Amino acid sequence: FSIGTFTGTGSNGSIGHGLGKVPAMIIAKSRSHSDNWFVYHQDLGANAYIMLNSTNQVDSSNSTVWQNVAPTSSVFYSSTGGYNDSGESLVFYCWAEIPGYSKFGSYTGNGSSDGPYVHLGFKPAFVMVKSTNASEHWNIPVDTYSYNGVDKTISPNLTNAERDMSGGDAMDFLSNGFKIRNSDNNYVNSGKTFIYMAFAEQPSKTMFGLDANA
């Protein structure tokens, strides 16, 4: 995970992210102007973006936001607009996948409270999901009151407090992934694609070749 700042140029360029690995997800935002939070996700590709502060679907009409070029292990690409307007002060957040600690992917909703199971290879402590082809909220399930079930949700694109899920838990946090347990369209809209980011409750002992409990 890396955090950095840069000054917009208003022209195509590249920005060093410092991860040493190809980013799976990037969030970029102007600090000096009112503008959207632009999100890159590896399952969307470099010709599209989605906004963290909006319910909007993926936008691939402006494929120049990332220059339509995938990030590398050293840089990601900025364009003439979006989050790179000339003279603006900007911040970015970049994540790479680390087996046993973090995963970034997608699943397809089935409209059922017996929803998809997503394999992560670890038990999650944090999951955030967003439909890419339906106008739904970003959602983070919170408050694990039962052994697996997570029955409240909060949305980073809203000012609302956390809310109870009608009809039961939002999802189960399982030993190797998560399973959707609610028919709410924000989590499992039938036939729609959802991207996610997830982080482990306890990183694998072999993470980075070190004992995480040492």
Side-chain angles (χ1 to χ4, degrees), residues 1-54 58-59 62-106 118 120-130 132 138-140 154 156-157 195-214:
F1 174 42
S2 68
I3 305 172
T5 59
F6 64 100
T7 300
T9 63
S11 59
N12 287 349
S14 60
I15 301 159
H17 53 67
L19 287 176
K21 295 186 67 174
V22 177
M25 188 164 174
I26 302 167
I27 301 176
K29 171 74 171 75
S30 173
R31 302 161 62 204
S32 55
H33 288 73
S34 298
D35 210 340
N36 295 305
W37 292 82
F38 288 85
V39 179
Y40 164 87
H41 190 284
Q42 62 184 4
D43 281 26
L44 302 180
N47 67 336
Y49 68 91
I50 196 165
M51 293 181 292
L52 184 65
N53 57 301
S54 171
V58 164
D59 190 339
N62 184 1
S63 61
T64 62
V65 166
W66 315 108
Q67 285 188 52
N68 199 13
V69 180
T72 72
S73 59
S74 57
V75 301
F76 67 93
Y77 295 91
S78 59
S79 71
T80 56
Y83 60 91
N84 188 40
D85 290 336
S86 180
E88 289 192 15
S89 176
L90 300 113
V91 63
F92 69 82
Y93 307 85
C94 288
W95 294 266
E97 278 194 350
I98 302 294
Y101 172 70
S102 60
K103 192 168 177 62
F104 305 80
S106 59
V118 177
L120 302 173
F122 54 79
K123 182 176 183 178
F126 175 95
V127 177
M128 181 166 69
V129 305
K130 169 71 173 82
T132 63
W138 291 82
N139 286 281
I140 303 169
I154 196 165
N157 60 290
I195 54 171
Y196 67 83
M197 65 186 303
F199 297 93
E201 180 179 82
Q202 182 174 354
S204 166
K205 288 186 178 181
T206 58
M207 183 179 166
F208 310 124
L210 301 173
D211 186 339
N213 297 317

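All figures in this text were calculated on a predicted structure; none of them were measured in a lab.
- A 4.5 Å side-chain heavy-atom check between I15 and L90 finds every atom pair outside the cut-off.
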Report task. Start with the C-alpha gap between V58 and I195, add the side-chain angles, then the distance that decides, and say whether side-chain contact (heavy atoms from CB on, under 4.5 Å) holds. Result -> CA-CA 11 Å; V58 164; I195 54 171; over 6 Å; no
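- In this structure a side-chain-to-backbone donor-acceptor pair under 3.5 Å is missing from E88 to Y83.
- In this structure, S79 and N12 approach most closely via the heavy-atom pair CA-OD1, 3.3 Å.
- For the residue pair V127 and A198, the shortest heavy atom distance occurs at CG2-CB, 4.1 Å.
- Contact of the M197 side chain with the I27 side chain is not registered, since no non-hydrogen atoms from C-beta on lie closer than 4.5 Å.
- F104 has its ring centre no less than 6.0 Å from the ring centre of Y196.
- The aromatic rings of F76 and F6 sit perpendicular, their planes meeting at an angle over 60°, well past the 30° parallel limit.
- The backbone N or O of H17 lies less than 3.5 Å from a partner atom in the side chain of S2, making a donor-acceptor pair.
- Put simply, the side chain of W66 gets close to the backbone of A48: a donor and an acceptor are under 3.5 Å apart.
- Summarising the geometry, atom CH2 belonging to W138 is positioned 5.0 Å from atom CD1 belonging to I50; distances are rounded to the nearest 0.5 Å.
- In this structure a side-chain-to-backbone donor-acceptor pair under 3.5 Å is present from K21 to E97.
- Across every non-hydrogen atom of T72 and P23, the tightest pair is O-CD, 3.3 Å.
- Side-chain N/O atoms of D43 and S106 include a donor and acceptor closer than 3.5 Å.
- The backbone N or O of S89 sits less than 3.5 Å from a side-chain atom of S32, completing a donor-acceptor pair.
- Counting only distance, with no hydrogens or angles, the side chain of N84 and the backbone of T9 share a donor-acceptor pair below 3.5 Å.
- The OH atom of Y40 lies 14.5 Å from the CZ atom of F92; values are rounded to the nearest 0.5 Å.
- Between F122 and Y101 there is no side-chain heavy-atom pair separated by less than 4.5 Å.
- N53 contributes a side-chain N or O that, together with a main-chain N or O of W37, makes up a donor-acceptor pair within less than 3.5 Å.
- Of the possible polar contacts, one joining the Q67 side chain to the S78 backbone as a donor-acceptor pair under 3.5 Å is found.
- Taken to the nearest 0.5 Å, the OG1 atom of T7 stands 12.5 Å off from the CG atom of D85.
- Within the 3.5 Å criterion, the main-chain N or O of A96 finds a donor-acceptor partner in the side chain of S102.
- Across all their heavy atoms, M128 and L52 have their closest contact at CE-CD1, 4.2 Å.
- Heavy atoms only, all atoms of each residue included: A46 and A70 are closest at CB-N, 3.5 Å.
- Residues M51 and V39 approach most closely at C-CG2, 4.5 Å, considering heavy atoms.
- You'll find the side chain of N157 stays beyond 4.5 Å of the side chain of S54, heavy atoms only.
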